[in-house]
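I have placed the structure first, in the form of structure tokens, so that the comments after it can refer back to it.
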Amino acid sequence: MSDTTQSLDLSAVDAYLRDHLPGYAGPLEARKFDVGQSNPTFLLKTPAQNYVLRRKPPGVLLKSAHAVDREFRVQSALAGTDVPVPRMYLLCEDDTVIGSAFYVMEHLDGRNFYEPTMEGETNATRTAVIDEMNRVLAALHSVDIDAVGLSDYGPPGNYFERQLSRWTKQYRASETDTIADMDALIEALGQEMPEDDGQRTLVHGDYRIDNMMFEKGGTRCLGVLDWELSTIGHPYADLAAVIMQWQMPPGKEGRGLAGVDRAALGLPTDAEFIAAYCARRGIGGIDRFGFYLAFNFFRMAAIIQGVYKRALDGNASNPERARRLGQYVGVFAQNGLRALRG
């Protein structure tokens, strides 16, 4: 199997699409995207049209992880809303076809910004892209989950309490070394859990600029990608995820804005972004934002630990990067403790 079709049986995919996807015609070529640490993602090229395929990774997986069926469902439900998503073509839950479940969706012909500094862009473009990011986030949290058929997409109850329990279990299942700061953060989050305020919306779970596709030469969002962690939950988790990312160092690893002169680049402050979001949703402000920020640092640390464990087990989508990421688990835990205390 060649590097470009790593973990993908091209002949099996071709045969399946011929039988199940109207309008499909080969020959078929595939290229694996470097992004997509969790669910391997491939560009499928045919003479007439390109597609994108996302599959569960091979190997033994944690329970409830890599749910490509949920990704397919939520993006299908969002078609026609103010939240831009790619068109969904088909879902295959038959593991015998290529070894795991997968789905095929539209290939968005746009551009992606890997870092919020958007190197090489004008200040006007940066300002507009971040404002569009803010608009789409507010639109996501304004979706009528009953109207789009997603009211049962997540269980009721305190979202943060549920998520803390889930990700603590996931972290323990993939733990390779004892990290004192991570243990302390888990305990502190449990002790400072806010009361459930009744907000129950669709949440993306990994909302950041590199999970969005924008139009070429413009600033309109064509689609929000990577819905693996989406559920029905609390909207402040997504908002705090954006701020968490920005507190990381700039560059390919951190992809943040720490130490960056934002005004000189046309980028908003954390407070300005939060205020714009609140204005769009018609809410007055957010109390105890430090908790939501700390929660996101914790969850990201748990996710990274899982990616690192898969690398050690030989199941990571990008093993070299996964091992590098594993070194940051303690850093995220430290940042979480600082957010909670500050």
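Heavy atoms only: backbone and side chains are in, while hydrogens, waters and symmetry mates are out.
Smallest separation of non-hydrogen atoms from A333 and A301: N-CB, 4.5 Å. Nearest heavy-atom pair, I232 versus L202, reported as atom, atom and distance to 0.1 Å: CD1-CA, 4.0 Å. Across all non-hydrogen atoms, the minimal contact from L185 to G336 is CD1-C, 3.7 Å.
Considering only residues two or more places apart in sequence or on other chains, F273 meets the ring pair (Phe, Tyr, Trp, His ring centres under 6.0 Å) condition with W246. Residues meeting the ring pair (Phe, Tyr, Trp, His ring centres under 6.0 Å) test with F298, sequence neighbours left out: none.
The list of salt bridge (Lys or Arg N to Asp or Glu O under 4.0 Å) pairs with a residue in residues 129-145, not counting sequence neighbours, reads D131-R280, E132-R135.
Between P235 and R281 there is a side-chain heavy-atom pair separated by less than 4.5 Å. Under the 4.5 Å side-chain criterion, counting only non-hydrogen atoms from C-beta, E228 is not in contact with D206.
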Walk me through it: do R262 and D270 pass the test salt bridge (charged side-chain N to carboxylate O under 4.0 Å, His left out)? CA-CA 10 Å; R262 298 193 198 182; D270 293 346; 2.8 Å; yes
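A ring-centre distance under 6.0 Å is not found for Y236 and F289. The six-membered or imidazole ring of Y89 lies away from that of Y24, with a centre-to-centre distance of 6.0 Å or more.
For the pair R200 and Y159, the NZ or CZ position fails the cation-pi test of under 6.0 Å to the six-membered ring centre and within 45 degrees of the ring normal.
When the side chains of ILVMFWY residues are joined at heavy-atom separations under 4.5 Å, either directly or via intervening members, Y308 and M182 end up in two distinct hydrophobic clusters. F295 and M248 fall within a single hydrophobic cluster, where Ile, Leu, Val, Met, Phe, Trp and Tyr are joined by side-chain heavy atoms under 4.5 Å apart, directly or via other members. Grouping the Ile, Leu, Val, Met, Phe, Trp and Tyr side chains by contacts below 4.5 angstrom, directly or via other members, places L137 with L257.
Between the side chains of Q247 and R338, no donor-acceptor pair of N or O atoms lies under 3.5 Å. Side-chain contact of H234 with Y292: a donor-acceptor pair under 3.5 Å is absent, judged by distance alone.
Counting only distance, with no hydrogens or angles, the side chain of D238 and the backbone of G205 share a donor-acceptor pair below 3.5 Å. With hydrogens and angles disregarded, no donor-acceptor distance shorter than 3.5 Å links the side chain of N112 to the backbone of M213. T41 places a side-chain N or O within donor-acceptor distance of the main-chain N or O of N39, the cut-off being under 3.5 Å. A donor-acceptor pair under 3.5 Å links the side-chain atoms of N296 to the main chain of A237, judged by distance alone. Without hydrogens or angle criteria, Q75 side chain to V85 main chain gives no donor-acceptor distance under 3.5 Å. Side chain of E115 to backbone of G251: a donor-acceptor contact under 3.5 angstrom is found. Put simply, the side chain of N211 never gets that close to the backbone of W227: no donor and acceptor are under 3.5 Å apart. The closest donor-acceptor contact from the side chain of R111 to the backbone of E215 lies under 3.5 Å. Checking side-chain atoms of Q170 against main-chain N and O of I303 turns up no donor-acceptor pair under 3.5 Å. Although no hydrogens or angles enter the test, the distance criterion places a donor-acceptor pair under 3.5 Å between the side chain of T127 and the main chain of G266.
When each of F42, Y16, F72 is paired with F102, the ring-ring contact (aromatic ring centres under 6.0 Å, His included) condition holds for Y16 and for no other. M118 pairs with exactly one of L267, L265, N123 by the side-chain contact (heavy atoms from CB on, under 4.5 Å) rule, that one being L267.
Taking the six-membered ring where tryptophan is involved, the planes of F214 and F113 are tilted, since the angle between them lies from 30° to 60°. Classified by interplanar angle (parallel below 30°, tilted 30° to 60°, perpendicular above 60°), the ring pair Y207/H204 is perpendicular.
Within 6.0 Å of atom CG in D95, more than 12 heavy atoms from other residues, nucleotides or ligands are found, so the atom counts as buried in its surroundings.
Between R162 and D196 there is no salt bridge, since none of the side-chain N atoms of the basic residue sits less than 4.0 Å from a carboxylate O of the acidic one. Using a 4.0 Å cut-off between a side-chain N of Lys or Arg and a carboxylate O of Asp or Glu, R18 and D14 qualify as a salt bridge.
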